[in-house]
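Structure first, commentary second.
Counting starts at 1 for both ligands and their atoms, in listed order. Residues take their numbers from the sequence shown, with the count starting at 1. Basis for what follows: all heavy atoms, side chains included, without hydrogens, waters or symmetry-related copies.
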Amino acid sequence: MHRIVIENCAVATVDAQDTEYASGHVVVAGNRIESVGPGPAPEGLEGVVRRVDGTGHLLTPGLVNTHHHFYQWLTRGLAQDHNLFDWLVALYPTWARIDEPMVYAAARGSLAMMVRGGVTTAMDHHYVFPRGSGDLLGAEIRAARELGVRFTAARGSMDLGSSDGGLPPDFAVETTEDALAATEEAIDTHHDASPDAMLRIVVAPCSPFSVTTDLMRESAELARRKGVRLHTHGSETVEEEKFCHERFGTGPTDYFDRTGWLGEDVWMAHCVHMNDDDIAAFARTGTGVAHCPSSNARLAAGIARVPDLLAAGVPVGLGVDGTASNESGELHTELRNALLINRLGDHREKALTVRQALRLGTHGGARVLGRQDEIGSLEPGKLADLVLWRLDGLGHSTIADPVAALVLGAAAPVTLSLVNGEPVVEAGRLLTADEDAVARDARDEARRLARIAAEE
Ligand SMILES: [Zn+2]
């Protein structure tokens, strides 16, 4: 068994007790963590292929992203001053022109950005499937496999066009039957239920204002029949709340309840506009939340009640969200933004701590994905997804508390990132892709998309 030893670094395990070591070690054996503890690694280990001196560094679990839309990498920086609904209406016509090479290039860009910044489990929610555009989900899966990152691919869908009262234009939606059939096929083709899976499929109709009630209900039935998880957008804006009241006579959470969309196997992006009853319903059913603070700020959606969600016991992870509403495309900066934005809300006296912010981005995300027994903390037996952050440089050397340095300081450079025991980042550089080539290919595909969209 090959072993990798990392020692002489601060260690934040993010286990149930938040155990930390000012100077500690982790031993990786194969694709799993074998031991974690204070001081140097035990002597006499066999098969050590690598010994990393982590002096000046903090070792944490790898970051877990719980909400994203890779294809938006090609439409960053547009509709800069719009709220959600205006922003969607402005971008749908362009998004409806995407094809497989574009989605592949966008996925590589999105993934490269995240992996370089310490993400070890990526997630994508793809819901735009223009007729004849190729195998878009397959392109994302290929990109994730090449980047070497653990991946949750959510097969999204939209079937409520504007002529039926939905928000997206009719040309951007599928039929209910096509969406369900393609989602089932994606599960049968790609889903890996094994405990150390690098790829899981999720059923993910887009939102209450772009999906029929039939598709919501039948998606929930499909996911439960297949034993996979469910994901969608929920309670993002006041406009969505108004839409739900007008169309369904109820708010989003009651609508989700009615359609079979509350449960331990469900998580929702955003959950900004939640009253106390909504939060209690999520807590009672174990429904999870992907908190996306930068996107919520960019689209003026509001501030999710994260301290209240956590106090109620709701599983909460962090999400980048699509890069048309969070152009940075990074998850490590969301640790800080989650903390800062929540301190601007109504709950200052219950504000998040730096350790809670780190937990959201690691163990919280793992829990939201239903993988808390496999990833999300540094504990013996868990999968070896971990990140060694450099904290002795200009950006952090005067912050004594390493977790505070990571969360409150500038984005920390990644000295080493392991996914499934394999190095994917070394000294701040991706090992699994040529960053310059990824950037160039994505720019070319973004220009091609803009050109095609302008011809319409
Ligand atoms: Zn989203």
Side-chain donor-acceptor pair present, Asp214, Thr212, cut-off under 3.5 Å: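 There is no such pair (donor and acceptor under 3.5 Å, judged by atom type) between the side chains of Asp214 and Thr212.
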Short side-chain to backbone donor-acceptor contact, Thr287 and Gly263, under 3.5 Å: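 Yes, because the side chain of Thr287 sits within donor-acceptor range (under 3.5 Å) of the backbone of Gly263.
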Flag, side chain of Asn326 to backbone of Ser294, donor-acceptor distance under 3.5 Å: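 No, the answer is negative, given that no donor and acceptor are paired below the 3.5 Å cut-off.
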Name of the residue among Leu147, Val119, Thr432 meeting side-chain contact (heavy atoms from CB on, under 4.5 Å) with Leu111: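 Of the listed options, the one satisfying the test is Leu147.
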Close aromatic pair by centroid cut-off 6.0 Å: Tyr127 and His69: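 Ring centres of His69 and Tyr127 closer than 6.0 Å.
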Aromatic centroids of Phe85 and Phe243 separated by under 6.0 Å: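 No, the ring centres sit 6.0 Å or more apart.
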Nearby protein N/O/S atoms (those under 2.8 Å) for the Zn ion (ligand 1), with water ignored: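 The answer, once waters are left aside, is His67 NE2, His69 NE2, His233 NE2, Asp321 OD1.
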